[in-house]
Visitor: 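Sharing a structure below in structure tokens format, with a few things to ask.
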Amino acid sequence: MIEPVEAGESGGFGRLSPSVPTLRIRRLTEAKPRSDGAWVLYWMTAHRRLGWNHALDHSIATARELGKPLLILEDLRLDYPWASSRHHRFVMDGMAEHSIALRDTPVGYHGFVEREPGDGRGLLRALASEACCVVTDDSPGFFTPKLLAAAGRLAHIQVEAVDSCGLLPLRAADRPFSAAYHFRRFLQKPLPSHLADQPSAEPLRHAGLVPCSGVPEFVAARWPAVDEVELASHALLASLPVNSAVGPIASRGGTGPAQDRLAAFLESGLDRYAADRNHPDLEAGSGLSPWLHYGHISPHEVWRAIMDREGWSPLRLSQDADGRREGWWGVDASAEAFLDQLITWRELGFVYCSHVPDYQSWGSLPAWARATLEEHAADPREYVYSSEQFETAVTHDELWNAAQRQLVRSGVIHNYLRMLWGKKILEWSPHPREALEVMIELNNRYAADGRDPNSYNGIFWCLGRFDRGWPERPVFGKVRSMTSSSTRRKVRLNRYLELWSE
């Protein structure tokens, strides 16, 4: 029997166990673990963190059960869509952090960055050939399903994918949901039974693992590891054949910066969140979405920090699973509002993507939205812009241009303005299908949280997903519209417009 990793106690949570629920573990091959393997291999792809990670917990538990070392492979390829210095820098920051954190531990770490397309081909298979079994991250977003398919072709060895995407295991939902209300009403029934299944905050502290002696010489020669100095260097990033015109953002990647951001939000943003989050000038948002996207911080850790601050216990949960947005958790109104974004809306996107493989296509929109947009596709438009004009922010609308400049330069758009940004692209494009293409391209190229299921929530909401029909009007049909003039009346924008005016 595997002994539990030691974990702390806190408030009404009780003692947390690192054992991973079977509902979160998906077998990708039929093979059994090999007793003669050199190590348990954890291929870190989506949950790029060393704590609050069910996949890492499962890897540690498996290594202890087999009496084998643990080796972590974290690689960064060049052939992912929208590869750029922006996305690469953020991931490499996290890899540098891991290289330092694991140096004096029994855990082996092999961080690899491709220098030319295809350099990493064969690395996973080479390490898997020496392994007892392989554990990897389960996620429905971006190109992770392709990575899982590649891992599943390692038929000679046991490969398991572990879901650490959200508080609700993905497999606990048996269907996609058409609206946040429907998902919230479903979520409130099973979620309480999963809240105690938290991943370990510091799984390596008392792991008791057999020391890993490193990778074989032929692997080190063919696929050399990069250390934290090289990962942090400008020279390595500048040498890589990725889109360097989309440069790094000011924020650094990694769990440390993510935790700093979380602490700052708890200190100065959370209390104001319900009242101020829609006002760009007031900066009450958490700003955590880039780190959540890259897997540098877990929604479990964020949720736990909120609840610790609220002095929460499960006894404060409402007994009514009625889909209410406020009052169900039994915490302050601002905390309730933030948890609805972190859990309901974010996990709605993950569940949807896990059940709808073509979630990024026009055909995945609700039938009513496609029909009404097609019916109004030929409606006259006062303004029509090309994708290049959108990208360079040369529309007639000062507010829209400011939001686009913020996206290009900082990698984010204020959440409220992202909705307006998408609605206006729909209004000013020759056809709604072209509008979708422009939104996906600009968001995924520039947004630090682009390519994420939650990011696709925002894009497709602009075209009717997770929404209902509204009174019909030109261009939009029955899809909800937004205007810059109404936005200016509703939210505080003076400092924002000044900052992003040019």
Side-chain angles (χ1 to χ4, degrees), residues 167 180 184 249-252 257-293 296-312 324-349 399-400 402-407 409-423 443 447-450 452 454-455 457-458 461-462 482 484 486-501:
L167 273 71
R184 193 184 293 112
I249 62 174
S251 299
R252 300 301 298 261
Q259 291 171 333
D260 290 343
R261 178 61 246 169
L262 174 59
F265 173 61
L266 295 177
E267 176 67 26
S268 62
L270 180 60
D271 288 339
R272 301 183 292 114
Y273 186 81
D276 297 345
R277 71 182 186 275
N278 288 338
H279 298 281
D281 282 358
L282 302 184
E283 299 181 348
S286 75
L288 288 169
S289 58
W291 293 280
L292 285 166
H293 166 62
H296 291 161
I297 196 168
S298 165
H300 293 91
E301 180 175 6
V302 178
W303 174 81
R304 179 67 180 273
I306 299 290
M307 294 319 212
D308 278 350
R309 185 179 184 274
E310 292 289 311
W312 183 84
R324 71 179 70 177
R325 239 184 348 186
E326 301 173 355
W328 186 74
W329 287 101
V331 292
D332 176 84
S334 278
E336 291 269 1
F338 179 72
L339 291 173
D340 194 52
Q341 294 296 316
L342 175 72
I343 301 172
T344 305
W345 278 98
R346 182 176 179 275
E347 298 193 21
L348 170 66
L399 179 53
W400 191 93
Q404 174 64 14
R405 291 191 193 101
Q406 183 189 20
L407 172 63
R409 297 175 189 172
S410 73
V412 300
I413 300 182
H414 183 275
N415 280 347
Y416 190 86
L417 295 184
R418 188 183 290 202
M419 297 186 292
L420 175 70
W421 174 87
K423 292 291 186 180
N443 186 74
D449 66 353
D452 190 85
N454 194 40
S455 191
N457 276 3
W461 178 86
C462 293
M482 291 179 68
S484 295
S486 65
T487 299
R488 283 175 176 267
R489 289 194 300 270
K490 291 177 182 177
V491 302
R492 295 169 64 173
L493 288 161
N494 290 341
R495 286 199 304 115
Y496 182 87
L497 288 172
E498 191 175 315
L499 180 62
W500 301 108
S501 61

Visitor: Could you tell me if Ser289 and Asn454 have a donor-acceptor pair between their side chains, going purely by distance under 3.5 Å?
Guide: no
Visitor: For a side chain to side chain contact (heavy atoms under 4.5 Å, CB included) check, start with the C-alpha distance between Val491 and Tyr496, then their side-chain angles and the critical distance, and finish with the verdict.
Guide: CA-CA 11 Å; Val491 302; Tyr496 182 87; over 6 Å; no
Visitor: Less than 4.5 Å apart, any side-chain heavy atom of Gln341 and any of Tyr273?
Guide: yes
Visitor: Do Ser484 side-chain atoms and Leu399 backbone N/O form a donor-acceptor pair below 3.5 Å?
Guide: no
Visitor: Could you give the distance from CG (Leu288) to CG (Asp449), rounded to the nearest 0.5 Å?
Guide: 11.0 Å
Visitor: Say you draw a straight line from CD of Gln259 to NE2 of His296; how long is it, rounded to the nearest 0.5 Å?
Guide: 12.0 Å
Visitor: Would you compute the distance between atom OG1 of Thr344 and atom CZ of Arg184 and round it to the nearest 0.5 angstrom?
Guide: 5.0 Å
Visitor: When you measure from the side chain of Trp291 to the backbone N and O of Arg252, does any donor-acceptor pair fall under 3.5 Å?
Guide: yes
Visitor: Look only at the side chain of Glu326 and the backbone of Ala337, and say whether a donor-acceptor pair between them is shorter than 3.5 Å.
Guide: no
Visitor: Using modelled atom types and a 3.5 Å cut-off, is there a donor and acceptor pairing between side-chain atoms of His414 and backbone atoms of Arg277?
Guide: yes
Visitor: Is it true that Asp452 and His293 share a donor-acceptor pair across their side chains at a distance under 3.5 Å?
Guide: yes
Visitor: Is there a donor-acceptor pair under 3.5 Å between the side chain of Arg261 and the backbone N or O of Ser286?
Guide: yes
Visitor: Checking Leu342 against Ile306 for the side chain to side chain contact (heavy atoms under 4.5 Å, CB included) test, could you report, in this order, the C-alpha distance in whole Å, the side-chain angles of both residues, the deciding distance, and whether it holds?
Guide: CA-CA 11 Å; Leu342 175 72; Ile306 299 290; 5.7 Å; no
Visitor: Rounded to the nearest 0.5 Å, how far does CD1 of Ile249 lie from CZ of Arg409?
Guide: 15.5 Å
Visitor: Taking all non-hydrogen atoms of both residues, which atom of Arg488 and which atom of Leu493 are closest, and how far apart?
Guide: CA-CD1, 3.8 Å
Visitor: Tell me the closest heavy-atom pair linking Ser298 and Leu292, and the distance in Å.
Guide: C-CD2, 4.1 Å
Visitor: Please confirm whether the backbone N or O of Asp281 pairs with a side-chain atom of Arg495, one donor and one acceptor, at under 3.5 Å?
Guide: yes
Visitor: Do any N or O atoms from the side chain of Arg272 and from the backbone of Leu282 form a donor-acceptor pair under 3.5 angstrom?
Guide: yes
Visitor: Go through the steps for Lys490 and Tyr416 under the test side chain to side chain contact (heavy atoms under 4.5 Å, CB included), then give the verdict.
Guide: CA-CA 11 Å; Lys490 291 177 182 177; Tyr416 190 86; 3.6 Å; yes
Visitor: Which atom names give the shortest non-hydrogen contact between Leu270 and Ala335, and what distance separates them?
Guide: CD1-CA, 4.0 Å
Visitor: What's the shortest heavy-atom distance between Asn443 and Ser455, and which atoms?
Guide: ND2-OG, 2.6 Å
Visitor: Are Trp303 and Trp312 close enough, and set up right, to give a ring-ring contact (aromatic ring centres under 6.0 Å, His included), and what steps lead you there?
Guide: CA-CA 11 Å; Trp303 174 81; Trp312 183 84; 5.7 Å; yes
Visitor: Identify whether the distance between the nearest side-chain nitrogen and carboxylate oxygen of Asp340 and Arg346 falls below 4.0 Å.
Guide: no
Visitor: Set out, in order, the CA-CA distance, both residues' side-chain angles and the distance that settles salt bridge (Lys or Arg N to Asp or Glu O under 4.0 Å) for Asp271 and Arg309, then state yes or no.
Guide: CA-CA 11 Å; Asp271 288 339; Arg309 185 179 184 274; 3.0 Å; yes
Visitor: So which heavy atom on Phe265 is nearest to which on Ala284, and how close?
Guide: CE1-O, 3.4 Å
Visitor: Will you find, in the side chains of Glu336 and Trp328, an N or O donor that is under 3.5 Å from an N or O acceptor?
Guide: no
Visitor: Run Lys423 and Trp461 through side chain to side chain contact (heavy atoms under 4.5 Å, CB included) and show every step you take.
Guide: CA-CA 9 Å; Lys423 292 291 186 180; Trp461 178 86; 3.6 Å; yes
Visitor: CD/Gln406 to CG/Leu499 distance, rounded to the nearest 0.5 angstrom?
Guide: 7.5 Å
Visitor: Is it true that, when you exclude Arg492 itself, more than 12 heavy atoms of the residues, nucleotides or ligands shown sit nearer than 6.0 Å to its CZ?
Guide: no
Visitor: Can you tell me if CG on Asn278 sees more than 12 non-hydrogen neighbours from other groups inside 6.0 Å?
Guide: yes
Visitor: State the CD-CG distance between Gln404 and Leu417, to the nearest 0.5 angstrom.
Guide: 12.5 Å
Visitor: Of all heavy-atom pairs between Arg405 and Ser501, which one has the smallest distance, and what is that distance?
Guide: NH1-O, 2.8 Å
